[in-house]
Every structure is written in structure tokens, then in C-alpha cells.
Amino acid sequence: MNLMYKSTRNNSEKVTASQAILKGLAEDGGLYVPEAIPKLDVPLTELAQMNYQDVAYAVMKQFLTDFTEEELKHCIDSAYDKKFDVPEIAAMRKADGAYFLELFHGSTIAFKDMALSILPYLLTTSAKKNQVKNEIVILTATSGDTGKAALAGFADVPGTKIIVFYPKSGVSPIQEKQMITQRGNNTYVVGIHGNFDDAQTGVKNMFNDKVLEKEMDDAGYQFSSANSINIGRLVPQIVYYVYAYSRLVKDHTIQAGEPINVVVPTGNFGNILASYYAKEMGLPIQKFVCASNENKVLFDFFNTGCYDKNREFILTSSPSMDILISSNLERLIYKIAGNDAEKNAEFMKELSSTGKYSITPTMKEGLAEFVGGYATEEDTASVIAKIYKQDDYIIDTHTAVAAHVYEQYVKDTGDTTPTVIASTASPYKFTRSVMNAIDPAYDAKTDFELVDELNRLSGVVVPQAIEDIRTAPVLHDTVVDADKMCDQVKKILHI
């Protein structure tokens, strides 16, 4: 049976998995969701004996039902290979009373690699399946990590171009250097004057622009997305939660069937939504702890049931979470609204016109498994220093937000259920913030002196991704106003 996908804003349109991956965003601006969340058909004890690639197949075959076994295994094997610097692809480290799931062992040292290593293969396979003749233009907004991971994944992939927009003053120096030094004849990186929400809104507007779509088609192009709005990004993220659980079973930390909690540092909501989908598949997750930085729109939402983006946008040391419009939350809102596309569309219209919406008391009851927490800049720095001194383990700023929120959660609830913390980036990606947290005296050093000092302190080899940019030339230096994003895309595509 083919699992079909429909829009969160319109239940009548149904597409296959490959069509949903190709489109990225539904015609009506909604996000694609499966008609039903499929169940795992492999016992947890059996998953515990599998490697990452086999777990990936067990999970993804349930969602991508119009892919043949050969096609899907080709995508998986091509993605999860020597690009990752540990054979297990995602590693687990125990520290501070929790299990840190290291999702940063890919080529751009951030968790986005886990999905963006496979998306180009899913997309090109989908294009072949649907006899697509146009060149696919990947259009993406990034708050720092998606951009580089998408650029690395799509660089020189035949039949594709990739255009990434990022907030010029809203990413770390190393994140920016990684993007603007990206090689590839089909890669384009554009800074904008504005924040991530401005970039994301600009991208969504282009996806919804029917006149632009016609112009693109006439020129032999069509848009697709590498953001987590694309179901081809979200499905691979479910895998690592199933894998993490299977590792805890494998090393006898838990028995198969015992519950765990999950803590995820969250901005755009895709990463924590993936863990929720894993539970819907049958993984015994008890609580989803949603960790925010000072841009705590999600914390407030889980506390009050009101989503309100009308607030000051704060630049923090965890820039990938500096987001006030959490796109993927729409998929959860649709679910707790009883899969009512009309109701969900009303909320999204309200968000677009007033910047806020409030869910019903019944819907709020559907969020009982979610707990919100947040960390200040001081909290973030403090927990980095504490875990380094206590466990000789250095975490990045985003992971630190989650670690602090987890500590608070345990203090508040006394809940000692075994807990997986999604560790979303290597500390090498945010060296200045990380090293300053350990000792403010480090601030006098240059970024690359800090890299060497972090290597000395942690004993962790400097990732190739960092070595590559020490001397790499800047290849992308375009910066535009947010309202000129569409003009820039046309210029790049000569339309």
C-alpha cells in the first residue's frame, strides 16, 4: 500500500512521497504530512542488532513507500558513508546524567548533515520517478547550519542548482566562512540585511508566487526546498531517534519497551517533531522537552497555548535557534487539531496577519507530552563550563541550551527516566562562545587560535570541515536587502 501525503491546509490534494519531496511545499502553502504515521514493523530488540544504515531502511521504507528497496538502499548507502567521521554515524556519550546523541559527525559538523546527506539522492531519485525535465532549484533559508549542509550535499549534483539565503549578521563567523567558501558550479550563497525569519519568509513567498513559478517553468526550472519543511528532510531525522533508542537497548542501559525522555534544542521545530513522529511509530518516548534560547516563543507557546512572534528578536550564542517563526510547528498544530486542515489554515492565516494565534483548550491537552524550557546566555555559558570541569566533555552552545533545560526539568519534576539529549553541533562550529564560557580570557585569541586551543582541551581531532576553511578563498560575497531576494534569484537564473 502506498502511503500518501496531504497538505496541512487542504485535505483534498494527495501526493506520493516522491512528489512531496519534489514539491517541498504544497500548492496552498501548507506542509506535507503522511495520511497516517506508519508503525515500525521490526521489533526493538532486532533494531538493537542493526547498524545505522539498516535502521534507516527499517524506518524510511515505512514513509517512502513509492521508492523500491533498491532505490531507497542506494540513497541510504550513498549518504551514510565515509562522509561521517565515526562508523556508527551518530555517536552516544554519557555526561551530566544524560545520553548525548552526537549528530555532528558529518561533513559540515552539524545535525543537518544527518538529513541533508541523503536529501540530494532522495530528490534526484524522485525526479527520475516523476519524469521531471526541469532543472531543480533548491531554494533555502538558513540560520547557520542548514545552509552549509545543503550546499555540501547538492554541490555539483547534476540537474540541480542551490541558492541559500542567510542573515548576514546572524550566524557565527565559522558558519559564515563555511558557506561563503563553498565550491561547486551550481552553488549560490546570498547574505541578507535582516534576520532568519526575514530570509525564511522571503523563501516561502517565492514558493507561493505563481507568476514566478510560470517564469521559472518557461526557463526550464522548478523550485524545491532543502529546509525541514521538506518531508525528505524530516523522515531521515526520525531515524536517529530510533537508532539512539536501539543503542540504549544494545548496551543494556534499558530493556526494550522501557520509556525514555528526549531533550531537543529547538528553533524551527523539525528536530523535535521528528522525535514525536518516532513515538507515533511505536518508540517508547515519554516526554519531549523542547529547549529554547532567549528567543523563547516555543517555551511560551507550550506554557500558554498562545503562539506569539510579536517580540524582540534576540541574537544569541546559539544562532541556529534564533527563530521566531517555527515552521514545522504547523505539522503538530494540524495533528492536535484532529488533522483538520481548515482549522489549521485559519491559525496560519492568523499568524500571517497578526503574528499570533491561540489554540483551543482541547488542543492544548494534546500537548501533554511536551514540556518547554529555556536557557539564558548566562545559563548556556555556565553549563558548558560545568560539564567540561565535571565530565571533561565539551559541548556546543545549542547542546548547552538543551543540557541546561534538562537540568531544570529534573530539578522541577524529579523525573529520572533515561534521557537522550540531541547534541546538534560540534563545539568547533562555535569556538569563541564555547571557549569564552570555559574561560573569558580566551576572547583575546583569533578564531583559528581558539580552534587549536579547543583541540588541546578536548583531545578531539579538529574536524576536516574546519581545516578546509582555514585558508579557503571567499567565493560568495553577495548581500541584498530582504525585499530584493526574488530579484537576486532571477538574476542568478537569468530570468
Side-chain angles (χ1 to χ4, degrees), residues 93 95-96 98 100 102-104 108-111 142-145 148 166-180 195-196 263 265-267 291-296 312-323 373-408 421-463 465-467 469-470:
R93 170 75 185 259
D96 202 33
F100 287 77
E102 295 182 344
L103 299 170
F104 52 75
T108 75
I109 57 176
F111 82 102
T142 186
S143 54
D145 287 336
K148 174 59 184 178
Y166 75 97
K168 176 67 184 163
S169 304
V171 299
S172 81
I174 284 182
Q175 282 178 314
E176 181 173 49
K177 190 89 192 281
Q178 279 189 300
M179 287 190 282
I180 62 178
N195 60 38
F196 170 73
V263 186
T266 308
S292 298
N293 63 18
E294 289 180 0
N295 293 292
K296 58 188 181 67
E312 182 194 354
F313 185 96
I314 302 164
L315 292 174
T316 73
S317 61
S318 45
S320 299
M321 297 160 66
D322 291 346
I323 293 172
Y374 76 96
T376 64
E377 287 292 87
E378 193 178 21
D379 296 331
T380 304
S382 167
V383 83
I384 290 171
K386 186 196 115 176
I387 292 177
Y388 168 60
K389 291 183 180 105
Q390 170 190 289
D391 296 296
D392 198 24
Y393 183 50
I394 300 179
I395 56 175
D396 92 292
T397 45
H398 302 73
T399 308
V401 168
H404 170 80
V405 169
Y406 172 63
E407 282 182 9
Q408 275 308 122
I421 293 178
S423 183
T424 51
S426 164
Y428 280 105
K429 204 151 191 172
F430 303 94
T431 43
R432 185 162 301 279
S433 297
V434 168
M435 296 303 282
N436 282 354
I438 291 169
D439 185 343
Y442 282 123
D443 204 33
K445 293 183 180 288
T446 68
D447 284 320
F448 284 105
E449 284 173 338
L450 289 175
V451 164
D452 295 329
E453 193 61 19
L454 176 55
N455 169 241
R456 189 183 69 76
L457 285 192
S458 68
V460 174
V461 176
V462 177
I466 300 296
E467 293 294 5
I469 61 171
R470 279 187 195 262

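Everything numeric here is computed off the predicted structure, so don't read it as measured data. Counting begins at 1 with the first residue of the sequence.
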Requested in this report: If a pair satisfies ring-ring contact (aromatic ring centres under 6.0 Å, His included) and one of its residues is in residues 379-399, list it, with sequence neighbours excluded.
Outcome: F100-Y393, H398-F430
Query raised in the report: Is a donor on one side and an acceptor on the other found under 3.5 Å between the side chain of T376 and the backbone of D379?
Result: yes
Requested in this report: Could you tell me the separation between the CD1 atom of I469 and the CD1 atom of I180, rounded to the nearest 0.5 Å?
Outcome: 9.0 Å
Requested in this report: Could you pull out all residues at least two apart from D391 that satisfy salt bridge (Lys or Arg N to Asp or Glu O under 4.0 Å)?
Outcome: none
**Report entry** Contact list for residues 429-441, test salt bridge (charged side-chain N to carboxylate O under 4.0 Å, His left out), sequence neighbours left out
**Finding:** D145-K429, R432-D443, R432-D447
Query raised in the report: Quick one: salt bridge (Lys or Arg N to Asp or Glu O under 4.0 Å) partners of E407, sequence neighbours excluded?
Result: K386
Requested in this report: Could you check L454 against V451 for side-chain contact (heavy atoms from CB on, under 4.5 Å), going step by step and ending with a plain yes or no?
Outcome: CA-CA 5 Å; L454 176 55; V451 164; 5.8 Å; no
Query raised in the report: D96 and Y406: which non-hydrogen atoms are nearest, and at how many Å?
Result: O-CE2, 4.2 Å
Report task. Could you list the residues that satisfy side chain to side chain donor-acceptor pair (under 3.5 Å) with E378, not counting sequence neighbours? Result -> none
Query raised in the report: Which distance, rounded to the nearest 0.5 Å, do you find between the CZ of R456 and the CG of D452?
Result: 10.5 Å
Requested in this report: Start with the C-alpha gap between N195 and D322, add the side-chain angles, then the distance that decides, and say whether side-chain contact (heavy atoms from CB on, under 4.5 Å) holds.
Outcome: CA-CA 8 Å; N195 60 38; D322 291 346; over 6 Å; no
Query raised in the report: Minimum heavy-atom separation for A375 to T380, with atom names?
Result: CB-OG1, 3.8 Å
Query - Which residues share a side chain to side chain donor-acceptor pair (under 3.5 Å) with S169, sequence neighbours left out - result: none
Report summary line: Output for pair (T108 OG1, K148 NZ), nearest 0.5 Å, gives 7.5 Å
Report summary line: Looking only at heavy atoms, the pair that brings A437 and A385 closest together is O-CB, 3.5 Å
Report task. Examine the side chains of N436 and S433 and answer whether a donor and an acceptor come within less than 3.5 Å of each other. Result -> no
Report summary line: Sorted by chain and number, sequence neighbours left out, side-chain contact (heavy atoms from CB on, under 4.5 Å) with Q408 holds for H404, K411, D412
Requested in this report: Without swapping roles, check the side chain of E377 against the backbone of S317 for a donor-acceptor pair under 3.5 Å.
Outcome: yes
Requested in this report: Over all heavy atoms of both residues, which pair between T397 and V434 is shortest? Give the atoms and the distance, please.
Outcome: N-CG2, 4.2 Å
**Report entry** Pairs touching residues 169-178 that satisfy salt bridge (charged side-chain N to carboxylate O under 4.0 Å, His left out), sequence neighbours left out
**Finding:** K168-E176
Query raised in the report: How many angstroms lie between CD1 in I395 and CD in E102, if you round to the nearest 0.5 Å?
Result: 10.5 Å
**Report entry** Intermediate values then yes/no, side-chain contact (heavy atoms from CB on, under 4.5 Å), L457 and M435
**Finding:** CA-CA 10 Å; L457 285 192; M435 296 303 282; 3.7 Å; yes
**Report entry** Distance (rounded to the nearest 0.5 Å) between Y442 OH and E453 CD
**Finding:** 4.0 Å
Report summary line: Residue set satisfying side-chain contact (heavy atoms from CB on, under 4.5 Å) with T446, at least two apart, ordered chain then number -> E449
Query - Listed partners of R93 passing salt bridge (Lys or Arg N to Asp or Glu O under 4.0 Å), at least two apart - result: none
Report task. Not counting sequence neighbours, which residues clear side-chain contact (heavy atoms from CB on, under 4.5 Å) with S143? List them please. Result -> F196, S320, I323
Query raised in the report: Is there a donor-acceptor contact under 3.5 Å from the side chain of D396 to the main chain of S426?
Result: no
Query raised in the report: Shortest non-hydrogen contact from V401 to S318?
Result: CG2-OG, 3.9 Å
Requested in this report: With sequence neighbours excluded, tell me which residues meet side-chain contact (heavy atoms from CB on, under 4.5 Å) with F111.
Outcome: L103, Q237, Y240, N271, T424
Report task. Evaluate the side-chain proximity of I438 to I394: yes if any heavy-atom separation is below 4.5 Å, no if none is. Result -> yes
Query raised in the report: Looking only at heavy atoms, which two atoms of Y428 and V461 are closest? And how far apart?
Result: CE1-O, 3.8 Å
Report summary line: CG of N455 to CG of L450, rounded to nearest 0.5 Å, is 12.5 Å
